[in-house]
Colleague: 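My structure is below; once you've seen it, I'll send some questions.
Lettering of chains follows the sequences in order, A, B, ..., and the numbering in each one begins at 1.
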Amino acid sequence: MQERYEPAAVEAQAQQYWDQQRCFEAKEDSGRDKYYCLSMFPYPSGRLHMGHVRNYTIGDVLTRFMRMNGRNVLQPMGWDAFGLPAENAAMANGVPPAKWTFDNIAYMKAQLKSLGFALDWSRELTTCRPEYYRWNQWLFLRMLEMGIAYQKTGVVNWDPVDKTVLANEQVIDGRGWRTNALVEKREIPMYYLKITDYAEDLLETLSHMQGWPERVRAMQANWIGKSVGVRLGFPYEIEGLDIAGLGLAAGGGPGSGAAGPDAIAKGVLHAFTTRVDTLMGVTFCAVAAEHPLATHAARDNPKLAAFIEECKRGPAVEAEQATQEKKGMPTGLVVRHPLSHEAVPVWVGNYVLMSYGEGAVMGVPAHDERDFEFAKKYHLPIKPVIEVPGREYSTHAWSPRYADHGRCVNSGVYDGLEFQAAVDAIAADLGALGLGEKQTTWRLRDWGISRQRYWGCPIPVIHCATCGTVPVPEEQLPVVLPVNLVPDGSGNPLLKDAAFLAVPCPRCGAAARRETDTMDTFVDSSWYFLRFACADNNRSMLDSRVQYWLPVDQYIGGIEHAILHLLYSRFWTRVLHELGALKFKEPFANLFTQGMVLNEVFFRKPDAGRVEYFNPADVEVTLDATAQRRVAVLRADGLEVESGGIVTMSKSKNNGVDPQALVDEFGADTARLFTMFAAPPEQTLEWSDEGVQGAYRFIKRLWKAVHEHVMRGAPAPLDKSALNESQRAMRRQSHQTLAKITDDIGRRRTFNTAIAAAMELLNALAKFPQAQPQDRSVTQEALEIAVLGLSPIIPHVTHALWHHLGHATALIDEPWPPVDAEALQTSTVEIVVQVNGKLRARLSVAADADEGTLRAAALADPNVQKFVGANPVRKVIVVRGKLVSIVV
RNA sequence: GCCCGGAUGGCGGAACUGGUAGACGCGCCGGACUCAAAAUCCGGUGGUGGUGACACCGUGUGGGUUCGAUUCCCUCUCCGGGCACCA
C-alpha cells in the first residue's frame, strides 16, 4: 500500500471499476424493495456549481446507504434542456441553441462522473430531444380532449424594438433588458391548463403529506390561497348600459333582463366577501379599473377615463402595489344594498384587483383596513356593525382589532348573532333572494403554458383559414423543433422558417400554418421523474415499470422550486392518474430541500461607474498587524477590496466557487466531505477554504491510519472473549459510532454529525495501543467500521481502503455492517450528581446499580457533602444510569 | 399584515425524549520535527476570579412551569424565507 494519499489515482480507479461493472444500472426486481432517489435535474448552463454538488451529494449519500441496506436503488439523471439561456447564448455567439445545449451537457456529464455519483446513465433523458418532448405533445392533445387545456387571451410583455415577447424577468423597471425600450402590454391568444380544477385536491392532500417539509406545504397552501366566503349581488338599474356590449352577464338578479343601448338595464354587481357578517355595514362599493361598470361610467366622463388609465398602468414594480396610496373616483352609478335596499355609491378603486374574485368589493370601512383608509380619504360614512367585548369603536383611527370576529350590532334582525351564525343567516337570506351564495375563491390561476419562444417544445396545433385551430393528429407526432436555427433578437425564428410553418390542414387538407408558440419549460420538468422508469420506451409515454419505481421515495432539490415545479408536477401526476396511466396521485413521497451555498462577496465601488465584483479565489484575506481587522486584497494588483458579507453564491455577485477547481486540487471525496460536514443539509452552507483543507486533512489521516495498520501485517482474528478493559472500550466506541452513523444517515439525515462521530472514532484510535495481538484485531474492526460507515460520503477513498484492509471483493457490494449489541454492553457507567440543580460530582458506578445504591453513593461523595452541608435533604431524584439530583 | 423558520464560543456548528452546554471541524496560542518554511505530530483554547484544587457567570430579551430548561409555555427584539391592497 502506498503511503501517500493520491486522490486523482484513487478516484479514477474507483470510477473505472464502477463503470466497468455497470454497478449503478438499476433493474426492476419485484422481489426486492425499491428505493427511488431523485435529485432535481440540472439546466445545462455550462458548468456545475456548488449548489449542484451539494444537491447531488445528498442524493448520492442516501442512494449508496440504501443500496448497502439491501434496497434496489434507482438514481437517474437527466437534463432540463429547453429554455431561455440557450437562446441568449445563441444570440451572443451566433451558435444554434441546440449546439450550445449539447456541448454543455457533454461537459457537465463528465463533471458529474468525476464526482463519483452513483447514477444510472442508461436512463439519461434530455428534454429537448423529440423522444422526450413528443410525450409533452401527446399529453397536451389528451388534455385538449379532456378540456383541461384550453385557449384564452392572455397578456404578454412586448418589446417594440426587438418585436419580441419578453419573459417577466427580462423586463427591468418597465423596459426591455436588451433594448431599454418601454415595454408594452399585448393581448394574444394562449393555451392554459386548468390547474384550478385541482386546487381543492392539491390543497387538501398537502395536510397528509408527512414526508414533505412543513415549510414547503405552507408555501404551497399559501400559493393556492383558498378563501371561503359569499358571492353576493348588488342589484342596479342603470340608464344606457349596454350589458351585452360590455360583456356583463345579464341575469342573476330579480327582474333582470336583456337590454340594448340607451334602455334602462337591470343588472347585478357581484362582489366576493369572506365577511358577509359585516354586510349591514356597507357604505360603498368599489370596482377595479378594468371592471365593465367602470368602463361604462367612463364613456362620458373624461376625468374618470383618465383615472382608469392611470390605474391600469399601475406602478412599475409589483411590490409597490401593496404600499401605494389608495385612490378612487366615484362612477356616479348607484346600486342597491341587497337586504336594506339602501342606495350604495359605486367607486373605482385602485386597490381592487380585476383578477381576484369578481373584480369588485363591498366597502365596509368600519371593519376592513383598506376600506377604512379609502373612506377616510373620500369622506364616506363609517358604520360599525360588529361588537367585540372590551373594545370601543372610534372612527378616527384604525385598530387591527376592528377586523376581529364578534357579535352583530346595528344590523337589524341579525343583531346579537356571532360570526358563524351571522354568516349562515345572511347567506340564507341572500340565497332566498337569489342575490348570494356561499363560494370558495382561489388565489391560484390557471397555468398559461404558451411561450412566444423558439427553444422549447412546439405546441402541437395547426391554424387553418377554414377549419380554425386544429390539433395535430396523434400519428403525426412528434412535431419536431428544427435544431439549426439561430435567434437574432428579432422575435421567434420559427416565424421565418418556411419548412416548419407550412403544413396541410389535417382536417381539410388545404395549406395551413403551424403554431409557432412553444411550451413553458415547467411542462418538461412536470413529469420527467416518471419517464426515468421507462426512458427507452418509444411506443408510449409510460409503461408498467413506472408502477415498480414510482412514487419517488426521496426527492431532493432547492427550496426555490417549492411552489411552481412541485405544484405543477403534482398537477400533471393527477392528470395522468385521471387518464388511468398511474395508480397514484402524489409523485414524491418524501421531499428534502437543501440549503443554499453561500460565500463572501468582494467588491470595489469606483466613485463613478458600476460596482465591480471579484471572485474570492482571486482575493487574499489576511489579518492586519494588530490581528484585529481582516484585510482583503486583490492578488492581481495588491490593492484592497471591500467585503460585502456572506451571501448566496451567484453569477451576479461573482462569488461562486468552481467545483472543478476543487476536484482537480483535492479530489471529489474532499468536495463531498466538506459539503456534507460544514452544515446540516437543510441549512445554508458557508463556503470556507480552511474547511475544505480540514476535510482533506481528515481523509489523509484516515488513509494514514489504514496505512500504518496494514504495514504492521495481517491481524489475528478478533476473539471477543479474550479482550481486556481497554480493548472492550475501543470496541464499544466502534459500535457506538456505527450505531450513530446508521441513525444519522438513515433517519436523521444529519450527515455532519455522522462525520463528526467517525472523526471521534479515528481520534480515539490514534491513542489506542498496538501492543497486543488483540489490539490489532480491534483496530482492524474499527477501521472497517470507519471505512464502511463513511463510504456513502467518500466512496472513492473507501473503495481503495477496503481493498487495502484485506478484502478481495469490492466495497460497493458490501452490505451495511450490523451493530454488535454485545459490544455496546458496559459494566460501569458515569452518572452525574446535582445539588439544587448544579453539577457537583461525577461518579463511576455499576451499570445495574439500583436507586438506593445510587442515592447512597451520591450522598457519600465529598464534594456533594460540601454543598449539602448541614442543610436537610428535602428530596432526591434518581434517574438510573444517568443522574442523581439532590434538593436541600 | 398573515404564514413558516431561526438566534448557542473568535467562526461553521453539536447537545435527538426536559437531565454533564459548547461534540466535531476551522481559527488562534504553545511545543516537537526542520538550517528554515510548508506539511505532519503533541498539548491548550466560552468568560471572570484564583498559583491551584475550585468557584461564580454563561445558549437574543423579560417572565413562567420544573428538583432540573439551549430544549416546554407566555412576552418582546432582531434576522432569514414565503404570500400580500386576495376583499
Side-chain angles (χ1 to χ4, degrees), chain A residues 213-227 229-230 271-276 278 286 318-326 349-353 355-364 368-371 373-374 400 403 441-443 559-560 562-563 596 598 623 627 646 673-674 677-680 682-695 697-698 700-701 704 740 743-744 747-748 750 752-760 762-763 766-767 830-842 863 866 874-877 879 882-888:
Chain A
E214 174 60 33
R215 183 159 66 131
V216 175
R217 291 191 279 159
M219 281 163 74
Q220 288 212 353
N222 240 331
W223 184 261
I224 294 169
K226 180 178 183 176
S227 289
V230 170
F272 175 76
T273 179
T274 55
R275 290 300 303 275
V276 84
T278 65
E318 236 172 65
E320 283 172 21
Q321 268 172 18
T323 50
Q324 75 175 333
E325 193 191 346
K326 301 220 171 3
N350 67 343
Y351 69 103
V352 185
L353 306 175
S355 56
Y356 185 80
E358 302 291 335
V361 299
M362 63 178 210
V364 186
D368 181 281
E369 187 174 2
R370 295 153 302 174
D371 297 344
E373 210 183 302
F374 194 77
T441 299
W442 306 88
R443 205 199 76 94
I559 187 74
E560 66 273 19
I563 297 171
M596 306 260 199
L598 316 181
L623 290 176
I646 296 164
L673 183 64
F674 171 72
F677 179 62
E682 75 280 3
Q683 285 179 33
T684 55
L685 182 151
E686 286 182 24
W687 191 258
S688 154
D689 288 331
E690 293 79 17
V692 172
Q693 290 285 350
R697 200 173 296 146
F698 173 69
K700 283 194 287 188
R701 287 184 59 205
K704 199 176 135 195
K740 177 151 180 65
D743 189 50
D744 283 353
R747 177 182 65 90
R748 297 178 67 210
T750 52
N752 54 327
T753 54
I755 295 164
M759 287 173 167
E760 281 185 81
L762 224 65
N763 289 345
K767 296 190 174 86
E830 185 178 79
I831 64 159
V832 296
V833 185
Q834 296 177 343
V835 179
N836 283 351
K838 283 191 198 298
L839 176 69
R840 295 305 179 192
R842 297 157 198 267
N863 202 46
K866 185 175 137 196
R874 295 231 312 258
K875 198 170 175 186
V876 178
I877 294 135
V879 182
K882 266 195 177 156
L883 69 86
V884 179
S885 183
I886 299 163
V887 190
V888 299

Colleague: Go along nucleotides 16-23 of chain B 5' to 3' and tag each nucleotide: B for a protein heavy atom under 4.0 Å from its base, S when only backbone or sugar atoms are that close, - otherwise.
Modeller: B--BB--B
Colleague: Quick check on RNA chain B: between A/Gly357 and A/Ala218, whose nearest nucleotide comes earlier from the 5' end?
Modeller: A/Ala218
Colleague: State which residues pass side chain to side chain donor-acceptor pair (under 3.5 Å) with A/Ser227; sequence neighbours excluded, sorted by chain then number.
Modeller: A/Tyr356
Colleague: If the C1' atom of B/A23 is compared with that of B/U75, how far apart are they to the nearest Å?
Modeller: 33 Å
Colleague: Classify the angle between the aromatic ring planes of A/Trp687 and A/Phe674 as parallel (below 30°), tilted (30 to 60°) or perpendicular (above 60°).
Modeller: perpendicular
Colleague: What nucleic acid atoms does A/Pro213 come within less than 4.0 Å of, heavy atoms only: base, sugar-phosphate, or nothing?
Modeller: nothing
Colleague: Identify whether any heavy atom of A/Asp371 sits under 4.0 Å from a base atom; if not, whether one sits that close to sugar-phosphate; answer base, sugar-phosphate or nothing.
Modeller: nothing
Colleague: Who passes side chain to side chain donor-acceptor pair (under 3.5 Å) against A/Gln220, sequence neighbours left out?
Modeller: A/Arg570
Colleague: Taking side chain to side chain donor-acceptor pair (under 3.5 Å) as the definition, give me every residue that meets it alongside A/Asp744, ordered by chain and number, with sequence neighbours left out.
Modeller: A/Lys740, A/Arg748, A/Thr753
Colleague: At 4.0 Å (heavy atoms only), tell me whether A/Val352 reaches a base, stays on the sugar-phosphate, or touches nothing.
Modeller: base
Colleague: Taking atom C1' in both B/G46 and B/U59, what distance in whole Å separates the two?
Modeller: 11 Å
Colleague: Please measure how far the C1' atom in B/G27 lies from the corresponding atom in B/G13, and state the result in whole Å.
Modeller: 14 Å
Colleague: In B/S/- notation, 5' to 3', how is nucleotides 38-46 of chain B contacted by protein heavy atoms closer than 4.0 Å?
Modeller: -SSS-S---
Colleague: Using a heavy-atom cut-off of under 4.0 Å over every strand shown, decide if A/Gly694 touches base, sugar-phosphate, or nothing.
Modeller: sugar-phosphate
Colleague: Taking only Watson-Crick and G-U wobble pairs with both distances under 3.5 Å, what dot-bracket line describes RNA chain B, where [ ] shows pairs that cross earlier ones and | shows pairs with another strand?
Modeller: (((((((..(((......[....)))((((((.......))))))((((....))))..(.(((..]....))).))))))))....
Colleague: Between A/Val887 and A/Thr750, who's closer to the 5' end of RNA chain B by nearest nucleotide?
Modeller: A/Thr750
